[in-house]
Amino acid sequence: MSTGQDARLYDLGYRSYDGPRERPARAIPALAEFTARRVLGLGRGGRHKVLPAVTLVIAYLPALFSVAYAVFARNILPGDLVSYGDYMFFIGSALALFAALVAPEALCPDRRTGLLGLYLAGPLDRTRYLVAKGAGVLGAMLLITLGPLLFMLLAFVLAGLGPSVSATPKLLLRIFAVGLVTALLYASLSLAVSSFTSRRAVAAVGVVLVLFVPALVVRPAIESAGAPNALDLFSSPFVVANLAYRIFGETQENHQPVTHLSTGLVVAGVAAAIALGALVCWLRYRRLEAFR
Amino acid sequence: MTEPGIVAEDVSKWFGPLVAVSDVSFDVGPGVTALLGPNGAGKSTMFRMLCGLARPSKGTVRVLGRDPRAEPWVSRQIGLMPQQESVFEALTAREFVALGATLQGLSNPDGAAASVLERVGLDPSDSRHLQAYSKGMRQRVKVAQAIVHDPAVLVLDEPLTGLDPRQRMDLVSLFKSLGDEGRCVIVSSHVLGEVERLGSRVLVMSQGRLAAAGDFHELRALMDDRPMRIRVRTDKPRELAGALVEAGTAVGVRLEGDGVLELDARDARALARALPPVARERGARLYEVHPLDADLEGVFRYVVERR
Amino acid sequence: MQNASENQPVISARGVVKRYGRALALAGLDAEIGPGITGLLGSNGAGKTTFISLALGLRSRNEGELLVLGRDPATAGIEVRSRIGYSPEHHDLPAELTATDFVRHLAEMHLLPRRAAVQRANDALWLVGLGEERFRPVGNMSTGQRQRVKLAAAIAHDPELVLLDEPTDGLDPMQRTEMLALIRRIGTEFGMNIVLSSHHLEEAERICDAVVIVEGGEVVRAGTLADLRRGPEGIVVEVDERADEVASILVARGIDVTQEAGVLLLAATDDAYDAVRDAVAELEVGLRRLEPRGRTLEDVYLGVGA
Amino acid sequence: MSAVGTTPSVAARPATLVSLAALYRLMLRTQVSLSRLLGIGALSGLAILIGGLAAFDSDPAQAAADAVSGFGLGILVPLATVWFGTSAIGDLVEDKLLVYVWLRPVARWQLPAAAVLATLTLVVPLTAIPLTVSALIAGSGDVALATLLAASFAALAYSGLFVAAGVWFRRAVWWGLAFVLIWENVVANEAKGAARFTVAGWASSILGLAPGIDVDLEPGSAAVAFIVLTAIAVAGWLVATWRYRSMDID
């Protein structure tokens, strides 16, 4: 081992970076992942995790009870467990509360802390920014729309009422479809509402207004006052439930209020709502004064 | 007004383990007093306690002889310009200042608001909301709301930040005239060049404690353990340096090369008087004579670095 | 990626006009900002921030031609912005993020791969003097530390051009000196071009190679500091007392002297220096200041300002 | 600008009504924003819609009462009050503007009082009145009057609660939302006994004043309800005042 002359002093000064750089499009998934982590309070102080955690627990409770019930109770009838279709309707308030937490957290602070100006001063423009934020919020929403359904599947299987092995992939596909559509609908509408203000508080109440309140008015309107059935499309949890019934092929009669709209109209209604939410966001952010 | 406007006795303030202000005592009489100190020295916390916005953890604060925290009525005579930049975005400048005037019980709040806005160089009839105002204009609106009710005590937290030289000059002359009217004005600022023009009474805080108080020229003289530095450029640096050390007026010399030498003097005035005759005797031509830290920044740096 | 060669201007603007409704923010601005550290000076509302937003391609100009790092920001916005580092004037950053997360995230936003972003974020934070506090949330950092975090975020992705808007705003004198020394190092050692927008003139004087002075939306003075200072030759003399007596002795020796605000101004000839020295010695008066009368930037700025 | 020769009379202060009115106007100015008006406009639209629906029911009066006690008092009124109540003072705290109102020779109780009054001024016309109109549409004057009283007193109680929450908690709106969606609705409907602990419960017992209307969750007589709801408002106001007086201001 030679000694002496190989002693060297390394320059700790600045090293320029000549490694590979990502393509501009790569900024979108990076921002999406950052947004998803941030809205769920990951990587931040404990108290930021309280609110998302509380809501998730509320949404998962029915599924967890079903699993427990399935394990301990004897000869369970299919009617005893909440059906896949009904589940979304059943946790309507939790879905609204979660969206009221996630979407405002994704958009509003960036405007108040000037971070939006910093993003746009980098290789991002407003459309890419919104695409990334949308993906982030969608990811977070899937946590509350997909998870519980998978637990319900577990409950049905444990109760011996689960699908045969060959039928499982098809059922999983349907679960993913419902989870995705619900997440898309709630993410799009709540982001649209959140794009109107830079205060999380105002956006949160707005989201609850759009996602939860109509449901309480539409049913009585149709049933007692004979309002047109199309009004159902304005009640998010209701529309999602009815879409789920059709996707899961659950028969109509033993379920909660069912719309008399054709499948085509329901699908069109949901698609229109998602598109409308995205459009509103884009229009609002097109001329937003982001550069202070 | 006989007794001093503001009296603080062993005032301390801590937030959990963090001690922001510890055992600070001073009093502020009529005229302008500058409160200096690095960021985090506890200036803003001290100002908030002076106005009663924050309760001291220990010690007492008296404004015009009364406790500003316990008696909201004292704030009739207090004008505060807070450090934060936020203002009521939805109001116009006149509405914002008139609101302050109304809550102070002025008989003609709108009229008072209009005249004080003119005094700080803003247009009272400007109908734009404060949201559209630049940082410089917001600072002047904040000054206006602090003086609209003609308070006896004025507390100004970093009023000059964000202003360009011309705007700073206007506000400095305004503060000076307010002080000359017998008001008790205390200003915190980092723009030392301007604060120097305000007057010479200075309080310096460092690490939450009072590091110095009094007239900054006297403070400068008090600091004998760190001599004043003067830079001289001449065609005979060595000869001149030797002669001045020999004459006992310079206590330290550094040769900086190409004719520049830095002299440390116990008494700056004595050296300034001795330098020309000694140079004349040695036939040394004086190209440049420049005191390095006689100004406020020197005091500030010296006091704060002395720890 | 076409690199800015040594003398090619970093930013070149010709006849740039920008209007907000009726208000004219930039009225035909012409400027060549070269490599090194350039001070963009002007009073509040003179158009500095507007010019920076145009350079970043965040706003479109009404008229005129603008090239940043050889590309037009209006069309090649994204590509230009990936090679620029920007530190805004305001200090409110997302309070609950730690400094490391914040700088790493912005480095990723500037297209650095994940691992490189983490490593360069830490390097940048050490270089700006943030040691172990870089793991603290930005929310409870002092103004001085926040300014350093913003600076680190602006340089972490190794940009060719760094735009700093009022980097010393809210700093006390010592923090200000440290920040300026840091910016000087970045401009020289790190090999990045810097545009420093500020209205603290003494700062530009300390660390800038060249200066562009903007007033009322157009450039009123531009050039390297050396040639800007080459004002009328002369010396300034300040004495403790009896300044007018010193002046009369100098006049008696045939040197024309003007007095301005207690200070004597005279032409810088060899015998003028000796005359001052002898006059002051004779009257046994303290000589407080004797300096060449090069115009300080403030004279240039105020002299020029409306 | 008078010189400061004379000793300033430290006792000088604005007349109570003058300062209260100034604070009240300030609260209104800072609360009214486009997005809030859009939202509340939608809410009151829904309220009137209910009236229309009840009219088609076999027993319109009862249907209107059910709709008002369910949707009106349980969702519409509390949601509107959360929106304005928590941010009345909450926004001032968050934006660090409280100093411009606190450092004045004005009694501390006045700001919380102005906040409650401002919240009521915004919430009542935007929710209580449309609910009353919807009851009228359903064709029953008695129910309409009962609705106006119930909704107004519910708004009063909620205002006190949410103004206090706004001064105390940082993310008051979110806790308010959870309280409204979960406590006032889910729990109240499921656990009959819990009605006694919800504002909506007491407010709906005022609805019981209308003859021939039975209200399923009736914790007590209407007279008691008036007292309880007012007491909740006063308690909220006192808590807000106590907190406002003792907190450190930025």
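When reading the values below, keep in mind they use all heavy atoms of this one structure, side chains included, and skip hydrogens, waters and symmetry mates. Convention: sequence-line order gives letters A, B, ...; per-chain numbering from 1. Model, not experiment: these values are computed from the prediction.
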Looking only at heavy atoms, what is the nearest atom pair of [X] and [Y], with distance?
X      : Y      : value
A:S93  : D:L181 : O-CD1, 4.3 Å
D:L177 : A:L97  : CB-CD2, 4.1 Å
D:S35  : A:V202 : OG-CG1, 3.9 Å

Worksheet item: So, do A:R199 and D:D91 sit near enough that their side-chain heavy atoms are less than 4.5 Å apart?
Response: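 The answer is yes, as the side chains (C-beta and beyond) meet within the 4.5 Å cut-off.
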Worksheet item: Is the shortest heavy-atom distance from the side chain of A:T55 to the side chain of D:W174 under 4.5 Å?
Response: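 With C-beta onward as the side chain, the pair touches.
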Worksheet item: Where on A:V207 is there a heavy atom nearer than 4.5 Å to chain D: the side chain, the backbone, both, or neither?
Response: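 Neither part; nothing is under 4.5 Å.
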Practice prompt. Could you tell me which portion of A:I58 (side chain, backbone, both or neither) has an atom closer than 4.5 angstrom to a non-hydrogen atom of chain D?
Written response: side chain
If you draw a 6.0 Å radius around [atom1] in [X], do more than 12 non-hydrogen atoms from other residues or ligands fall strictly inside?
X      : atom1 : value
D:R170 : CZ    : no
A:F234 : CZ    : no
A:Y60  : OH    : yes

Discussion item. So, using side chain to side chain donor-acceptor pair (under 3.5 Å) as the criterion, who are the partners of D:Y158 when residues are at least two apart?
Written reply: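 Listed in chain order: D:E184.
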Fill in: Partners meeting salt bridge (charged side-chain N to carboxylate O under 4.0 Å, His left out) with A:K49 (sequence neighbours left out)
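A:K49 satisfies salt bridge (charged side-chain N to carboxylate O under 4.0 Å, His left out) with no other residue.
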